[in-house]
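Before any comments, here is the structure.
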Number of protein chains: 2
Amino acid sequence: MKRPSSRDVALRAGVSQATVSYVINGERKLRVSPETRERVLRAIEELGYQPNAAARALRTQRTQLVALLTPDLANPFYPILAQAIQDVLQEHSFELLIANSRGIASQERHFLDTVVQRGVDGAIVVAWHLDHADVDRVLQAGIAFVSVGSDFGHELVCAVASRDQRGAAEAVRYLIRKGHRRIAHIAGDQSTPPGRLRLEGYCRAMEAAGLTVDESLLVYGDFTRGSAAPLARRLLAQDVPPSAIFVANDTMAVDAMLSLQELGYQVPHDIAIVGYDDTPEAQFVRPQLTTVRQPIAPAGRAAADLLLKQILSAPIQARRIIFDTELVVRGSA
Amino acid sequence: MKRPSSRDVALRAGVSQATVSYVINGERKLRVSPETRERVLRAIEELGYQPNAAARALRTQRTQLVALLTPDLANPFYPILAQAIQDVLQEHSFELLIANSRGIASQERHFLDTVVQRGVDGAIVVAWHLDHADVDRVLQAGIAFVSVGSDFGHELVCAVASRDQRGAAEAVRYLIRKGHRRIAHIAGDQSTPPGRLRLEGYCRAMEAAGLTVDESLLVYGDFTRGSAAPLARRLLAQDVPPSAIFVANDTMAVDAMLSLQELGYQVPHDIAIVGYDDTPEAQFVRPQLTTVRQPIAPAGRAAADLLLKQILSAPIQARRIIFDTELVVRGSA
DNA sequence: CTGTTAGCGCATTCAG
DNA sequence: CTGAATGCGCTAACAG
């Protein structure tokens, strides 16, 4: 019932604990004679010995663990990101600890505590409410750190990001080119950078085209499924309804589109819709969603690479990787 | 740069380590005088002290960590399950370590090794290739264990499951009632229990209705997106094509339906489609997918509850929780 | 090539 | 109510 320790193995093999450790961690040089090694291996086998990770971590100060913070696993964006990260980490035999903040500030901070307490080797974070001091705490603890999406105004953090404002503006310009003038925006949570930046991109593009951003064209969701449907309906119920909507992410865009279609609106004829992210759901709906593609998997891989570089080599200096977005024109606009 | 330890806190507060430990783990009885406690708390604050989880785990043999094994995060089924589990665990301040097996046997085993080595307090597992001995290894290590979907023929494991065969049969009977006679099946990976059971359910229902299961009606996918489209096309390209398809999960069903629609088939008029799982994507497609609902979130919560019961109380005896499935009739069949 | 020794940071006896 | 001492299981110096 009790787990065997390396001492048990040593006893059984008639060697010292150190020797057991050597054969397990096989320093490049085979410091152990073949026959001793053989005996130890057999003892390990017979006892079903598994090294104790906590003890090892305590001793080595390394955990082979990487933590990932995500705002919402139900948004397909994040599983895709997580998969990509995991693929990279796996090659280097790091495990991934995934946590969920639900976009709540306190949970984001709690995650940072966890990261420090567990002494994970590195953390990849998608967070919206952290500040310079929060991040600093982690950096001070000597933990490798990569942010996805924001740099928290901290000059030392590695970050991978894309140009939200630019992507949003491109989407809106496209709608303008197609002749739309009353273009509404279902914005994301304004306490988050992507929420604010995409709204800003929308405003910029409108103003650049000499279109006024009417208050009646602006509504605010929270990026989750279900938050957009009522907003879309309200938008369309106005006296002078918009002819197009730019939605801050695909999850909400799909929600909005389906609910409008239920009301009998023809997309894109009655109402054009553009989303953001290009998650798989964009291709499930009919018409397929015109949207701004973010390279999710490449971003995940880049983040993991950046992190591994910090963990494995000396702490590199801060690096930013910016991905370009791309407007994908499908049927909805 | 270096993290403070409880000794540093003790020094600064002018007390012993033991006292620090007492104020942190606050035995229900306040064994520490208020003023001492206050001093310690201040020292903790000032140093930014965070207990070291590895040391704690080594000492207490508990990690406050639960591990979850999942075959494929890209299938919305699993994020939903994970969310539900995490919600329950969070209330008891357990962290969740999510891993991905991609349905590969070796990875499933590797996960079990991880679980033992890290000494997690419990593991929830969705696995398809484990056997009695594998599970036994974990149980022997005294780790709480709950399986989702299968019990690995082990009398001691707690499991939550649903009746795959029954659910599949119900779907097929529904198609038969609607007058379909040539009903095809896009099966899941036959090396997995759900793949086999749903196929079996299909066969049973067909035979019970006196319909022969034609080999030309049976094709095999692997539960992932993309695997079903070519199969669906092949099915429909036959001389005497089926009038309905029962697909082993929604991910494949959506894939099949969209690809058939692209070819000009009208669903459900030309070809009826029924899926399995009732993941959100079933409601995104048009027509919406008729499917067999599994209560994913309740299953997740039940699994987490079962696990917590094992961790917190004495090791309870094995318990099986079986959820009923429900046919949800929408537009696709 | 192998054994001995000394902690890593914490929680927990046992004395005082 | 508090302090000193012990060891969880492992690895890294250092001896031999």
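In the text below, chain A, chain B and the rest are named by the order of the sequence lines, each starting its count at 1.
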R62(B) CZ to dC10(C) P, straight-line distance once rounded to whole Å: 18 Å

Picking from dG9(C), dC8(D), dT2(C), the nucleotide nearest the side-chain atoms of S5(B) would be dG9(C)

Of the listed nucleotides dG9(C), dC14(D), dT11(D), the one nearest the side chain of R56(A): dT11(D)

Could you work out which one of dC10(C), dT4(C), dT11(D) sits closest to the side chain of S16(A)? dT4(C)

Would you indicate, yes or no, if dC10(D) has its OP1 or OP2 atom less than 4.0 angstrom from a side-chain nitrogen or oxygen of Y49(A)? yes

Expressed in angstrom and rounded to an integer, what is the separation of L11(B) atom CG from dG3(D) atom P? 11 Å

With heavy atoms under 4.0 Å as the rule, sort V15(A) into base, sugar-phosphate or nothing. sugar-phosphate

Find which nucleotide of DNA chain D each of L58(B) and R39(B) is nearest to by heavy atoms, and output the residue with the more 5' nucleotide. R39(B)

Would you kindly give the CZ-to-P distance between R118(B) and dG9(D), to the nearest whole Å? 18 Å

Can you tell which of dT4(C), dA11(C), dG9(D) lies closest to the side chain of A18(A)? dT4(C)

Rounded distance in Å - CD (Q17(A)) to C1' (dT2(C)): 14 Å

Flag for T63(A)-D121(A): side-chain donor and acceptor within less than 3.5 Å: yes

Taking atom types as modelled and ignoring hydrogens, do the side chains of Q83(A) and N100(B) form a donor-acceptor contact shorter than 3.5 angstrom? yes

Are side-chain heavy atoms of F223(A) and D72(A) found at a separation under 4.5 Å? no

Counting only heavy atoms not in E45(B), do more than 12 fall under 6.0 Å of its CD? no

Which one, dT2(D), dC10(C), dC8(D), comes nearest to the side chain of S6(B)? dC10(C)

Options dC8(D), dC10(D), dG3(C), nucleotide nearest the side-chain atoms of T19(A): dG3(C)

I want to check one thing: is the phosphate of dT11(D), taken as OP1 and OP2, less than 4.0 Å away from some side-chain N or O of T60(A)? no

Over how many whole Å does the gap from I24(B) atom CD1 to dT12(C) atom P extend? 12 Å

Can you measure E38(B) atom CD to dC1(D) atom C1' for me and round it to whole angstrom units? 17 Å

Under a 3.5 Å cutoff, is there a donor and acceptor pairing between the side chains of T19(A) and S16(A)? yes

For R7(A) and dT4(C), give me the distance from atom CZ to atom C1', rounded to whole Å. 14 Å

Among dG3(D), dA13(D), dG7(C), which nucleotide sits nearest the side chain of R59(A)? dG7(C)

Rounded distance in Å - OH (Y22(B)) to P (dG3(D)): 11 Å

